[in-house]
Amino acid sequence: MSKPIIEVKNVSIKYVIGDLRNIGLKEFVMKKLTRNYQVKSFVAVDSVSFSLYQGDMLGIVGTNGAGKSTLLKAITQIMVPTNGSVKVNGKIAALLELGSGFDGDLNLKENAYLRGAMLGYTRKFMDEKYPDILAFSELQEFEQRPFKQLSSGMKSRIAFSIASMMEPEILILDEVLSVGDGAFREKSEAKMREIIEKGKVTILVSHSIAQVRRMCNKVLWLDHGKQIAFGDTAEICDMYEEFLKTKKLPEKK
């Protein structure tokens, strides 16, 4: 079998939380002296494992707080797992938060070049790609508009257009296609299929099970950080939809 493009092995991510940010230094010292200062932790991702190969498109499903976005941050190396390992073989273009990495005071064109620079592309390369990026986003009339004045749907359009036009080896999308009109969503899905057909890997987090069924060949289901299931799209989506109706997790085999 070919080498995995993404290999996640027993990944766990733990957050440590306390009340230090909400108190002054003097109060903090007194709490420590009186043993009244408590530090708590919670596991956002708990022992998750899966592998993806060329041509895979993974859908990650789960209710709010399932650990989906946290797992993506580990895959993109924004976060380091508390336990386990993540191996990635390829260049990633990730859209984890709508509008993140953009400057609200710069216009759309300036932000496109800024994002390109952040991704390591030259100005010459951006000069070649920018007309296609703008055309795909269908935002020509807003090119000179300050980014902070754009709607969330417009921000999603330009962010997706930049990421997909860069021809990444790995494309990661976290709920960025949940806004905007249906016509642009269809065009975005067609673009993702084009990326996949070139042998790339895509990860999609979506609350739309219908979209996951249409787009993905594999599905990972998370619940409160735990991996409930990983495998064939139809099977996992059926299980997940049953859970949404009954609120009962499947029994472990």
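None of the values given here were measured: they were computed from a predicted structure.
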For this session: Begin with the C-alpha distance, continue with both residues' side-chain angles, and end with the deciding distance and a verdict on side-chain contact (heavy atoms from CB on, under 4.5 Å) for Q227 and N10.
Result: CA-CA 10 Å; Q227 179 172 330; N10 298 316; over 6 Å; no

Within this structure, what is the [atom1]-[atom2] distance for the pair [X] and [Y], rounded to the nearest 0.5 Å?
| X | Y | atom1 | atom2 | result |
| --- | --- | --- | --- | --- |
| L173 | I60 | CG | CD1 | 11.0 Å |
| I158 | E138 | CD1 | CD | 11.0 Å |
| R115 | D103 | CZ | CG | 12.0 Å |
| L72 | I92 | CG | CD1 | 9.5 Å |
| S12 | L71 | OG | CG | 10.5 Å |
| L108 | Q140 | CG | CD | 10.0 Å |

What I'd like to find out is whether the side chain of [X] reaches to under 4.5 Å of the side chain of [Y], using heavy atoms alone.
| X | Y | answer |
| --- | --- | --- |
| F147 | E110 | no |
| L52 | I203 | yes |
| T76 | I172 | yes |
| I75 | V11 | no |
| V86 | Q77 | no |
| M154 | R145 | no |
| R193 | T202 | no |

For this session: Name the orientation class of the two ring planes belonging to F230 and F50 (parallel below 30°, tilted from 30 to 60°, perpendicular beyond 60°).
Result: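 Tilted, since the angle between the ring planes falls between 30° and 60°.
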
Exercise. Quick one: hydrophobic cluster around V43, which other residues, with the 4.5 Å side-chain cut-off, linked directly or via members?
Worked result: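 Besides V43, the hydrophobic cluster comprises nothing; the residue is isolated.
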
Problem set entry | Linked hydrophobic residues, I228 as query - side chain contacts closer than 4.5 Å |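 Result for I228 is V61, I209, V212, V219, W221, I236, M239, Y240, F243, L244, L249.
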
For this session: Return yes if some donor-acceptor pair links the side-chain N/O of S156 with the main-chain N/O of S152 below 3.5 Å, else return no.
Result: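 The answer is no, because no donor-acceptor pair under 3.5 Å joins these two groups.
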
For this session: Go through the side-chain N and O atoms of N217 and T233 and say whether any donor and acceptor fall under 3.5 Å apart.
Result: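 Note: N217 and T233 side chains miss the donor-acceptor criterion.
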
I need the minimum non-hydrogen distance between [X] and [Y], along with the two atoms involved.
| X | Y | value |
| --- | --- | --- |
| Q211 | S206 | OE1-OG, 2.9 Å |
| G225 | V48 | O-CG2, 3.9 Å |
| N89 | P4 | ND2-O, 2.9 Å |
| A112 | I162 | CA-CD1, 3.7 Å |
| S188 | F160 | O-CZ, 3.6 Å |
| G67 | V45 | O-CG2, 3.7 Å |

Problem set entry | Sequence-distant partners of K200, salt bridge (charged side-chain N to carboxylate O under 4.0 Å, His left out), two or more places apart |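 If we apply the salt bridge (charged side-chain N to carboxylate O under 4.0 Å, His left out) test to K200, skipping adjacent residues, there are no hits.
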
Exercise. Who passes ring-ring contact (aromatic ring centres under 6.0 Å, His included) against F142, sequence neighbours left out?
Worked result: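 None.
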
With sequence neighbours left out, what residues match [X] under side chain to side chain donor-acceptor pair (under 3.5 Å)?
| X | value |
| --- | --- |
| S69 | D174 |
| H207 | N64 |
| K148 | D105 |
| Q149 | none |

Exercise. Under the side-chain contact (heavy atoms from CB on, under 4.5 Å) test, which residues partner I5, sequence neighbours left out?
Worked result: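 With sequence neighbours excluded, I5 shows a side-chain contact (heavy atoms from CB on, under 4.5 Å) to Q54, I170, V201, given in chain and number order.
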
For this session: Report the residues that fulfil side-chain contact (heavy atoms from CB on, under 4.5 Å) with A210, sequence neighbours left out, ordered by chain and then residue number.
Result: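 Scan of A210 (side-chain contact (heavy atoms from CB on, under 4.5 Å), adjacent residues dropped) gives S208, R214.
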
Problem set entry | Pairs involving residues 44-65, ordered by first then second residue, that meet salt bridge (charged side-chain N to carboxylate O under 4.0 Å, His left out) (sequence neighbours left out) |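 Listed by first then second residue: D46-K226, D56-K218.
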
Problem set entry | Test side-chain contact (heavy atoms from CB on, under 4.5 Å) applied to F184 and R157, step by step | CA-CA 8 Å; F184 189 78; R157 284 184 178 218; 3.5 Å; yes

Counting only pairs under 3.5 Å, give me each side-chain donor-acceptor contact of residues 124-132, with atom names and distances, residues two or more places apart or in other chains.
{"residue": "D127", "atom": "OD1", "partner": "Y113", "partner atom": "OH", "Å": "2.6"}
{"residue": "K129", "atom": "NZ", "partner": "M165", "partner atom": "O", "Å": "3.4"}
{"residue": "Y130", "atom": "OH", "partner": "E143", "partner atom": "OE2", "Å": "2.9"}

